[in-house]
There are 2 protein chains.
Amino acid sequence: MSLTAKELLTIKGVKLTSQRLVITDYLMQTHDHPTADEVLAAVAEKLPMALSRATVYNTLNALVEAGVIREVLTEPGRTRYDANTSEHHHFVDINSGKIIDIPQEMLPNIEKALGEKYKVRSYTVTFYGDLNDESP
Amino acid sequence: MSLTAKELLTIKGVKLTSQRLVITDYLMQTHDHPTADEVLAAVAEKLPMALSRATVYNTLNALVEAGVIREVLTEPGRTRYDANTSEHHHFVDINSGKIIDIPQEMLPNIEKALGEKYKVRSYTVTFYGDLNDESP
DNA sequence: ACCTAGTTTAGATTTAGTCTAAATACAGAC
DNA sequence: GTCTGTATTTAGACTAAATCTAAACTAGGT
Ligand SMILES: [Mn+2]
Ligand SMILES: [Mn+2]
Ligand SMILES: [Zn+2]
Ligand SMILES: [Zn+2]
């Protein structure tokens, strides 16, 4: 029983607008990690009115700020967005560019590895490699 | 007994120019992880002739391609460069923005954690937190 | 229904990075 | 040491990601 976009925004204290709802809903549905332009392209047609590029950026920034989504950095110059806010990491298939979520539990605990000098608040692991589709 | 910039570029098969030498030398000296603009600002004065932004970008891209330096992604929209090519990761102090190298050996091995389906070629870990300067 | 603070908008602006094509300089051959 | 071909550098135009502006529009509370 998962939250709707409307419920999530309400819980997180983000004011509701049709633009925010459709953008949040799109990010919750997809397992991609789209860029702002990809969000704009995917979502524009679902709205009766025009959707401005500025609104997409405003919304994505507001959602990041509110903790509804996360930014994902896997390549220079393009910020990607992710509605999966569970603690997880990413595998980037270097052939297709596909980005796959890796639950934190799949990895050994590395948070404590740095010692007293470093108070780690969060960390991200990004793997780059070949996705073996033929694997059993 | 460490390599000079000239020796390193020669070994890596990068043609020598005064611009490439001074940029490589700067990156080898600093423990910062500068952006292209920071490289330009730091290096321009060390050359007798003008240094073009295009040359800085051309050089940084050539050095990455040749394996002399690495790109480091810690924040949206700005690519940073790192002449430390040993396997290592990064800690970002969220107060100062300072980026500190973390040797791979400090972390448990996570390369094998993903299993057969994922052939990991490389990975990067980025920690975000507070650097405790008062630590013993 | 009214009000108002917050949001959306088109377009201008900023910033990081790439491209162009002419001028220059490295490095190997002589 | 000179010649010469190719790679590199350059200034400036260009592209693309993201932000800013200030006017128009909503959402949602009264
Ligand atoms: Mn999922
Ligand atoms: Mn070092
Ligand atoms: Zn993800
Ligand atoms: Zn580093």
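We name chains A, B, ... by the order of the sequence lines, and we start the count at 1 in each one.
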- [ ] Would you indicate which nucleotide in D/dA11, C/dT7, D/dT8 comes nearest to any side-chain atom of B/R20?
- [x] D/dT8
- [ ] Please work out if B/R53 contacts a base, only the sugar-phosphate, or nothing of the nucleic acid, heavy-atom cut-off 4.0 Å.
- [x] base
- [ ] May I have all residue pairs that pass ring-ring contact (aromatic ring centres under 6.0 Å, His included) and include part of residues 32-55 of chain B, sequence neighbours excluded?
- [x] B/H33-B/H90
Open item on the list: If you apply the rule side chain to side chain donor-acceptor pair (under 3.5 Å), what do you find for A/Q104 with A/Y123, and how did you get there?
Closed with: CA-CA 10 Å; A/Q104 175 124 250; A/Y123 63 94; 2.3 Å; yes
TODO: Using a heavy-atom cut-off of under 4.0 Å over every strand shown, decide if B/N58 touches base, sugar-phosphate, or nothing.
DONE: base
Open item on the list: What is the separation between atom CG on B/D37 and atom C1' on C/dT18, rounded to the nearest whole Å?
Closed with: 14 Å
Open item on the list: Could you tell me how far apart A/L47 (CG) and D/dC25 (P) are, to the nearest whole angstrom?
Closed with: 17 Å
Open item on the list: Can you tell me which nucleotide in C/dT9, D/dA11, D/dT9 comes closest to the side chain of A/L51?
Closed with: C/dT9
Open item on the list: Do B/S96 and B/D93 pair up side chain to side chain, a donor and an acceptor below 3.5 Å, judged on atom types alone?
Closed with: yes
- [ ] Please assess A/E38 against A/Y81 for the test side chain to side chain contact (heavy atoms under 4.5 Å, CB included), listing each intermediate value before the final yes or no.
- [x] CA-CA 10 Å; A/E38 288 167 354; A/Y81 296 89; over 6 Å; no
Task: Proximal nucleotide (of C/dT7, D/dA11, C/dG17) relative to the B/A36 side chain - done: C/dG17
TODO: Please examine the side chains of A/H89 and A/M106, heavy atoms only from C-beta on, and report whether any two atoms are closer than 4.5 Å.
DONE: no
Open item on the list: Is the phosphate of C/dG6 approached by A/T17 (side-chain N or O, under 4.0 Å from OP1 or OP2)?
Closed with: no
- [ ] Mind calculating the distance between CZ (A/R78) and P (D/dA18) to the nearest angstrom?
- [x] 9 Å
- [ ] Give a yes/no answer on whether the side chain of B/T55 brings an N or O atom under 4.0 Å of OP1 or OP2 in D/dT10.
- [x] yes
Task: Within-4.5 Å side-chain heavy-atom neighbours: B/T126 and B/F91 - done: no
Task: Length of the line joining B/M49:CE and C/dA23:P, which is rounded to integer Å - done: 18 Å
Open item on the list: So A/V14 and A/T24, do their side chains get closer than 4.5 Å, heavy atoms only?
Closed with: no
Open item on the list: Can you tell me which nucleotide in D/dG28, D/dT9, D/dG12 comes closest to the side chain of B/A54?
Closed with: D/dG12
TODO: Would you classify A/T35 as touching base, sugar-phosphate or nothing, given that sugar-phosphate means primed atoms plus P, OP1 and OP2, and contacts are heavy atoms under 4.0 Å?
DONE: nothing
Task: DNA chain C base-pair string [pairs: Watson-Crick or G-U under 3.5 Å; |: paired with another strand] - done: ||||||||||||||||||||||||||||||
TODO: Output yes when at least one side-chain N/O atom of B/Y57 is less than 4.0 Å from OP1 or OP2 of C/dT18, else no.
DONE: no
- [ ] Give one of base, sugar-phosphate or nothing for B/A62, where a contact means two heavy atoms less than 4.0 Å apart.
- [x] nothing
- [ ] Whole angstrom is fine here: how far is it from CG in A/N61 over to P in D/dA17?
- [x] 15 Å
TODO: Whole angstrom is fine here: how far is it from CG in B/L9 over to C1' in C/dA27?
DONE: 15 Å
Open item on the list: I'd like to check A/T55 versus A/Q19 (side-chain heavy atoms, cut-off strictly below 4.5 Å). Are they in contact?
Closed with: yes
TODO: Mind calculating the distance between CZ (A/R80) and C1' (D/dA16) to the nearest angstrom?
DONE: 14 Å
- [ ] Whole angstrom is fine here: how far is it from CD in A/Q19 over to P in D/dC25?
- [x] 14 Å
- [ ] Would you indicate what A/S18 reaches in the nucleic acid, counting non-hydrogen atoms under 4.0 angstrom: base, sugar-phosphate, or nothing?
- [x] nothing
